[in-house]
Amino acid sequence: MDVTFRIRRRNPDVPGKEKPYWQEFLLADVDPTDRVLELLHRIKWEQDGSLSLRRSCAHGVCGSDAMRINGVNRLACKILIRDVGEKVQVEPILGLPVIKDLIVDMEPFFDHYKQVMPFFVNDDPLPEDGRERLQTQDDRQQFDDTTKCILCACCTTSCPSFWANGHYVGPAAIVGAHRFIFDTRDQAGKARLDILSEPNGVWRCRTIFNCTPACPRDIEVTKAIGEVKLAIRKGTNVGIIESSAIH
Ligand code: SF4
Ligand code: F3S
Ligand code: FES
């Protein structure tokens, strides 16, 4: 089958191409099970070597090829042509500065992520028997979903609250915080909740729900944000209430 790609492009180094513009490419002999990423490679390798995009693993693991495909945030390596049809429109994800073609500057996104202390904090000595810090299966279940995040930014860059105000920490950062706030072994939950109580924290989320269907890892993003909001409202989190962790 033939497939037409319409790609949003920009090249700040080439006169006349500094402003975004659309360019079409026709590809023949496309198989319905070809992935969008493979076809972007074909365009780059067979038609226009200047086309720029970011990708690494090609297997839905690294999170580097998030882009807006037919108006929806997706990982190009996970989307098959049979799922998007014979006309495919590809744009950079929204709300972050475009560097070139489909490549955006991820620094503002990672700056928000760093704000929420996305790392394990526990100053207690390790158990003397040399075992790891154990917890029950139920305790683990409380944050199991948010461990799956690959920081692709599909959620944050689909959020109208983030488009309206780039200072909003965004759903991905809240998912990253959730993973530690609800870990019974962690000791910095209150500090993270304080950070997320700030004006650009969770309360900028208006429960618009774009983030949840955008997540390629099927994380229940809005639910996780709701749990963080509730923890702030109650002034508590699992690190503060009595823990059922095994010591
Ligand atoms: Fe990507 Fe999902 Fe993580 Fe958001 S929560 S950054 S969409 S993996
Ligand atoms: Fe945005 Fe998701 Fe909240 S789309 S407003 S972070 S529910
Ligand atoms: Fe790694 Fe798509 S290239 S997730």
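Owing to the predicted nature of the structure, the values given are computational and were not obtained by experimental measurement. All values below come from the heavy atoms of this structure, side chains included, with hydrogens, waters and symmetry mates left out. The chain is numbered in sequence order, starting from 1. One-based numbering, in listed order, for ligands and for the atoms of each.
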### Query
Which one of Leu134, Thr147, Thr184 satisfies the side-chain contact (heavy atoms from CB on, under 4.5 Å) criterion with Arg140?
Thr147
### Task
Decide salt bridge (charged side-chain N to carboxylate O under 4.0 Å, His left out) for Arg68 and Glu91; before the verdict, give the C-alpha distance in whole Å, the side-chain angles of both, and the deciding distance to 0.1 Å.
CA-CA 5 Å; Arg68 201 166 157 85; Glu91 307 163 70; 3.7 Å; yes
#### Entry: Stepwise salt bridge (charged side-chain N to carboxylate O under 4.0 Å, His left out) check, Asp2 with Lys87
CA-CA 9 Å; Asp2 291 348; Lys87 293 200 183 301; over 6 Å; no
### Task
Provide, to 0.1 Å, the distance between atom 2 (Fe) of ligand 2 and the closest protein heavy atom, together with that atom's residue and name.
Cys211 SG, 2.3 Å
### Query
Leu151 heavy atoms, cut-off 4.0 Å: which ligand 1 atoms fall inside?
3 (Fe), 6 (S)
### Task
Indicate yes or no: does Lys190 engage Asp194 in a salt bridge with an N to O separation below 4.0 Å.
yes
### Task
Compute whether any side-chain donor of one residue and acceptor of the other, for Thr222 and Thr212, lie under 3.5 angstrom apart.
yes
## Note on the structure
Within 4.0 Å of some non-hydrogen atom of Ala172, the atoms of ligand 1 are 6 (S)
### Query
What do we get for Ser56 next to ligand 3 when only non-hydrogen atoms under 4.0 Å count, side chain, backbone, both or neither?
backbone
### Which residue and heavy atom of the protein sit nearest atom 4 (S) of ligand 3, plus the separation
Gly63 N, 3.2 Å
### Task
Provide, to 0.1 Å, the distance between atom 6 (S) of ligand 2 and the closest protein heavy atom, together with that atom's residue and name.
Tyr168 OH, 3.5 Å
### Query
Which ligand 3 atoms, with their elements, are less than 4.0 angstrom from a heavy-atom of Val61?
4 (S)
### Message
Does either side chain, that of Asp138 or that of Thr136, offer a donor lying less than 3.5 Å from an acceptor on the other one?
### Response
no
### Query
Would you call the rings of Trp45 and His41 parallel, tilted or perpendicular if under 30° counts as parallel and over 60° as perpendicular?
parallel
### Query
Which atoms of ligand 2 have any heavy atom of Asn210 under 4.0 Å away?
4 (S)
### Query
Going by the order shown, which atoms of ligand 1 are within less than 4.0 Å of some heavy atom of Cys149?
3 (Fe), 5 (S), 6 (S), 8 (S)
### Query
Nearest protein heavy-atom contact for atom 1 (Fe) of ligand 2: which residue, which atom, what distance?
Cys159 SG, 2.4 Å
### Message
Yes or no: does Pro216 have any heavy atom under 4.0 Å from an atom of ligand 1?
### Response
yes
### Query
Do the rings of Phe162 and His112 sit parallel, tilted or perpendicular, given the 30° and 60° boundaries?
perpendicular
### Message
Is Cys205 close enough to atom 1 (Fe) of ligand 2 that one of its N, O or S atoms comes in under 2.8 Å?
### Response
no
### Query
To the nearest 0.1 Å, how far is atom 7 (S) of ligand 2 from its closest protein heavy atom, and which atom is that?
Phe209 N, 3.2 Å
### Query
Which ligand 2 atoms does Thr222 reach within 4.0 Å, using its non-hydrogen atoms?
7 (S)
## Note on the structure
Quick note on ligand 1: atoms under 4.0 Å from a heavy atom of Arg217 include exactly 8 (S)
### Salt bridge flag under 4.0 Å for residues Lys223 and Asp145
no
### Query
Has Cys152 got an N, O or S atom lying less than 2.8 Å from atom 2 (Fe) of ligand 1?
no
### Note: Arg54-Asp101 ion pair, threshold 4.0 Å (strictly below)
no
### Message
Test of understanding: given a 4.0 Å heavy-atom threshold, classify the contact between Ile150 and ligand 3 as side chain, backbone, both, or neither.
### Response
neither
### ligand 2 contacted by Trp163 (non-hydrogen, < 4.0 Å)
no
### Task
Determine, using heavy atoms of Ala153 and all atoms of ligand 1, whether some pair is separated by less than 4.0 Å.
yes
### Message
I need the contact type for Ala58 against ligand 3. Using non-hydrogen atoms and a strict under-4.0 Å cut-off, is it side chain, backbone, both or neither?
### Response
backbone
### Query
Counting each atom of ligand 3 from 1 as listed, which ones have a heavy atom of Cys57 under 4.0 Å away?
1 (Fe), 3 (S), 4 (S)
### Query
For ligand 2, which atoms, with element, lie under 4.0 Å from some heavy atom of Ser161?
5 (S)
### Task
For atom 5 (S) of ligand 2, find the nearest protein heavy atom and state the residue, atom name and distance (0.1 Å precision).
Arg206 N, 3.2 Å
